[in-house]
Amino acid sequence: MTSDLINRIVAFVVFLVVQALVLNHIHLFGVATPLLYVYFVLLFRRNHPKWSILMWSFFLGICIDVFSNTPGVAAGSMTLVALFQPYVLEAFLTRDSEDNLKPGMRSLGVSKFIFYTIILVFLYTLAFFSLEAFNFFNWLQWLLCIGTSTLLTVVLILVIENLRRQ
């Protein structure tokens, strides 16, 4: 086993446990839920195989679904984000960037990493809350959940990324 695989397995378990035991019980003002496990998808390297990103993301999503009682919602949303992650990452890289680049504040720069994070987290929360609600009857509540959960998740990811930088 390579160290990258071991690190990925540890991250998988940590995100699963933290989300299932702690973050699923936080609902700020009844609308903002931190969905930190999407950070797992953001960390895949530039040259990582797309099929592997999809598989890892789907399995993390299905495990989150099992512990959160959201049948298929997290799995579908994580798979969607995993589908777009390589293309969004490429949009923020220069042509002469190294092939094995790992996204982060150090490698992308602060502003590019923030925009990269916002785009993927927004895509995730949009898919997650759309699948969860499965209707647009209460569209104001839906928009509020998407906006506040995106903001809360992005802030948590930036805090963790800032701590990793040091």
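A distance-only check finds a donor-acceptor pair linking the side chain of Ser107 to the backbone of Lys102 [under 3.5 Å]. Not a single donor-acceptor pair under 3.5 Å links the side chain of Asn162 to the backbone N or O of Leu158. Using modelled atom types, one side-chain atom of Gln85 and one backbone atom of Phe44 make a donor-acceptor pair closer than 3.5 Å.
Distance CD/Glu98 to CG/Asn47: 9.0 Å, rounded to 0.5 Å. Rounding to the nearest 0.5 angstrom, the gap separating the OG1 atom in Thr79 from the CE atom in Met55 is 9.0 Å. Separation of atoms CG (Leu35) and CD1 (Ile64) is listed at 9.0 Å; rounding is to 0.5 Å. A distance of 6.0 Å separates CG of Leu108 from CG of Leu101, quoted to the nearest 0.5 Å.
Each of Val66 and Ile9 belongs to its own hydrophobic cluster when Ile, Leu, Val, Met, Phe, Trp and Tyr are linked at side-chain heavy-atom distances under 4.5 angstrom. In the hydrophobic cluster analysis, where Ile, Leu, Val, Met, Phe, Trp and Tyr join through side-chain heavy atoms closer than 4.5 angstrom, Leu143 is grouped together with Ile119. Both Trp51 and Val81 sit in one connected hydrophobic cluster of ILVMFWY residues. Membership requires side-chain heavy atoms under 4.5 Å apart, directly or through other members.
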Between Leu123 and Leu80, is the side-chain contact (heavy atoms from CB on, under 4.5 Å) condition met? List the steps. CA-CA 8 Å; Leu123 179 65; Leu80 179 72; 4.0 Å; yes
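Among Phe128, Tyr124, Phe15, Phe12, the one residue that satisfies the ring-ring contact (aromatic ring centres under 6.0 Å, His included) test with Tyr37 is Tyr124.
Annotation: Phe40 is not in aromatic contact with Phe59 [ring centroid separation under 6.0 Å not met].
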